[in-house]
Amino acid sequence: MTNYDYDLFVIGAGSGGTRASRVAAAHGARVAVAEEYRVGGTCVIRGCVPKKLLVYGAHFAEDLKDAKRFGWQVPDDCDFSWPTLRDNVLEEVDRINAAYTTTLESHGVDIIHQRATVSGPNEVTLADGTRKTAAKILIAVGAHPAVPDCVGHEHGITSNEAFHLDAIPKRVLIAGAGYIANEFAGIFHQFGAHVIIINRSKEILRGYDQAIRDRLLQISLMKGLEFRFDATFEGIEKGDDGCLTVTMANHEPAVVDLVMFATGRRPNTRDLGLDTAGVELDDMGAVVVDADNRSTCDSIFAVGDVTNRIQLTPIAIREGQAFADTFFGGKSVRIDYDNVPSAVFSHPPLAAVGMTESQARQKLGSVKVYTSDFRAMKNVLAGRDERALYKMVCDGDTGKIVGLHMIGPDVPEILQAAAIAVKAGLTKDQFDDTVALHPTMAEELVLMK
Ligand code: NDP
């Protein structure tokens with residue numbers, strides 16, 4: 001048998017790579033992980049974690065206004081210090097980064113702080129030229145924000161840079177209308193910026209249920225966010241005063257202080273040497289893998305965003321765990337990609353699991369839809385004219401819930417619990433059998449008409 005330096009060499013210490021490294025090491029494998037930037041990856045360093053903390057910070061803008069209706073004496077001109085929030089968030093990122101590093105070290109994983117590229121089916125080459133061999137190589141390098149190749153694109157930022165801004169700009173234009181666009185639109189807006197979202201299509205958040213998307217659009221417009229549709233990005237020109245003039249199809253140019261691209265993410269496979277091992281990539285540059293995360297090269301595997309299946313942290317973690325259990329733990333595990341819950345931490349947030357109404361109609365034909373359209377008690381007293389909407393999509397023949405879609409305060413927290421019931425295949429009747437927990441917003445789930 002060939003003597004390799006390692007049983008497993010992982011490239012990328014993000015959510016998927018870290019889980020796979022740690023679990024494979026716990027199963028007794030000799031593991032190394034190479035990371036060119038910081039242990040933790042997108043989610044911890046410049047994604048879910050710092051974003052969620054900014055969302056919390058942003059929410060205080062509304063909470064402080066509402067507080068007056070609840071009897072608290074709050075000055076009209078409450079001061080907000082962006083540098084304080086930014087630095088506290090970055091400090092928390094450092095803490096989690098250190099915790100991830102410690103976990104890997106305590107499992108005996110060799111952490112190599114260098115870029116590694118594949119140089120053969122069982123070999124990687126580090127940035128300093130050192131070569132390492134391994135029985136298996138796991139590609140867990142994630143993805144990066146796609147920036148349109150347009151004039152002046154270098155004047156724009158992506159979500160990567162948004163966490164490090166010196167100040168909150170007065171006018172922000174966000175290109176794209178997906179997850180990142182809507183989340184950062186809410187954040188910048190709550191911090192006082194005028195926000196314009198421009199999208200190439202007529203829609204926001206493609207893939208979510210139409211009624212929920214419409215509600216977010218309606219509330220966002222009411223709050224003062226500006227949307228421009230059919231507005232394909234054309235270019236940015238920077239003036240002597242530092243202002244950015246953005247040109248787009250079908251609309252007048254917009255003059256802003258900051259442009260942020262949120263137009264999807266692409267797998268980080270460029271110049272990774274995957275061709276040296278015959279690893280096939282798809283049209284987007286994602287590693288093509290089978291149900292066991294194996295690429296077209298027998299000894300090379302991939303998990304997480306680099307495979308472009310579902311770009312969500314918990315999926316990358318599950319894929320990393322399944323890979324390690326299957327190939328180092330003697331327990332074959334495959335991921336079930338059905339009924340994966342997701343959320344957009346917009347203001348207000350939305351969350352969903354399962355099929356949208358239109359997907360269910362196409363797939364099942366006979367569908368029953370139940371909704372609850374209500375104003376949360378807290379919003380009523382606060383005088384906040386923002387209605388929540390819950391929508392349940394059921395198989396018309398069996399009553400089985402095939403989709404649950406929600407927008408309103410705290411819905412990601414509520415949907416996580418409800419998703420268990422949807423995953424378990426429960427019916428509308430079984431929801432209705434459950435006594436409402438009053439007074440909550442979640443009780444609407446068992447009271448839908
Ligand atoms: P999304 O795929 O959510 O949205 C991309 C947006 O950009 C869409 O509005 C799309 O328009 C538009 N777009 C796509 N390609 C182009 C292009 N070439 N030119 C102009 N516009 C374009 O991507 P995000 O960047 O917002 O997020 C990336 C991924 O990260 C998400 O898919 C998600 O999986 C993950 N993520 C998850 C979060 C969460 O779970 N809360 C938070 C943040 C990110 P169109 O309407 O035509 O499709």
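Both ligands and their constituent atoms are indexed starting at 1 by order of listing. Model, not experiment: these values are computed from the prediction.
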**Q.** Element-labelled atoms of ligand 1 that are located less than 4.0 Å from some non-hydrogen atom of S201
**A.**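 So the atoms of ligand 1 that pass are 45 (P), 46 (O), 47 (O).
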(Q) As an exercise, identify every atom of ligand 1 less than 4.0 angstrom from a heavy atom of A343. (A)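 Those qualifying, in numeric order: 39 (C), 40 (O), 41 (N).
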Q: I would like to know whether R384 and E62 meet salt bridge (Lys or Arg N to Asp or Glu O under 4.0 Å); could you show each step before the answer?
A: CA-CA 9 Å; R384 189 166 286 287; E62 289 183 354; 3.7 Å; yes
Heavy-atom nearest option to [atom], drawn from [options]:
{"atom": "atom 12 (C) of ligand 1", "options": "I315, I174, N199, T158", "answer": "N199"}
{"atom": "atom 1 (P) of ligand 1", "options": "S346, G178, P412", "answer": "G178"}
{"atom": "atom 22 (C) of ligand 1", "options": "R200, M248, R266, R206", "answer": "R200"}

Q: Could you please spell out the steps behind the salt bridge (Lys or Arg N to Asp or Glu O under 4.0 Å) verdict for D373 and R387?
A: CA-CA 7 Å; D373 189 335; R387 296 184 71 82; 2.9 Å; yes
Any nitrogen or oxygen of [X], main chain or side chain, under 3.5 Å from a nitrogen or oxygen of ligand 1?
{"X": "G264", "value": "yes"}
{"X": "A177", "value": "yes"}
{"X": "I180", "value": "yes"}
{"X": "E183", "value": "yes"}
{"X": "Y179", "value": "yes"}

Q) Quick one: does ligand 1 sit under 4.0 Å from the side chain of T313, the backbone, both or neither, non-hydrogen atoms only? A)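 Under 4.0 Å from ligand 1, T313 contributes no heavy atoms.
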(Q) Below a 4.0 angstrom heavy-atom separation, can you tell me which part of Q311, side chain or backbone, both or neither, approaches ligand 1? (A)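 Looking at Q311 and ligand 1, atoms from backbone and side chain both fall under 4.0 Å.
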**Q.** Close approach of A262 to ligand 1, heavy atoms, under 4.0 angstrom
**A.**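 Checking ligand 1 against A262, which is what was asked, there is a heavy-atom contact under 4.0 Å.
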Q: Check if K51 has a non-hydrogen atom at a distance under 4.0 Å from any atom of ligand 1.
A: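 Heavy atoms of K51 do come under 4.0 Å of ligand 1.
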(Q) N250 vs F229, test: side-chain contact (heavy atoms from CB on, under 4.5 Å). Steps then yes/no. (A) CA-CA 9 Å; N250 302 317; F229 295 113; over 6 Å; no
Q) Are the aromatic rings of Y390 and Y370 close, with centres under 6.0 Å apart? A)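 For Y390 and Y370, the ring centres are not under 6.0 Å apart.
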**Q.** Trace of the side-chain contact (heavy atoms from CB on, under 4.5 Å) decision for R228 with M248
**A.** CA-CA 10 Å; R228 298 187 183 185; M248 65 203 88; 3.3 Å; yes
Q. Looking at F301, is K136 sitting on its ring face, NZ or CZ under 6.0 Å from the six-membered ring centre and within 45 degrees of the normal?
A.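 That pair does not qualify as a cation-pi contact.
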**Q.** Derivation and outcome, salt bridge (Lys or Arg N to Asp or Glu O under 4.0 Å), residues K378 and D66
**A.** CA-CA 9 Å; K378 188 173 163 221; D66 294 351; 5.3 Å; no
Q) Strictly by modelled atom types, are N88 and E92 linked by a side-chain donor-acceptor pair under 3.5 Å? A)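 The criterion, which ignores hydrogens and geometry beyond distance, is not satisfied for E92 and N88.
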Q: Determine whether the side chains of Q430 and T427 contain a donor N or O and an acceptor N or O closer than 3.5 Å.
A: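 Present: a donor and an acceptor within the cut-off.
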**Q.** The single option from N339, D338, D336 passing side chain to side chain donor-acceptor pair (under 3.5 Å) against K423
**A.**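 It is D336; the other options fail the test.
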(Q) Quick test: of every protein heavy atom, which one is nearest to atom 40 (O) of ligand 1, and how far off is it to 0.1 Å? (A)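 Among all protein heavy atoms, the one nearest atom 40 (O) of ligand 1 is L312 CD2, 3.3 Å.
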Q | Which residue and heavy atom of the protein sit nearest atom 7 (O) of ligand 1, plus the separation | A |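 Of every protein heavy atom, T263 CA, 3.2 Å lies nearest to atom 7 (O) of ligand 1.
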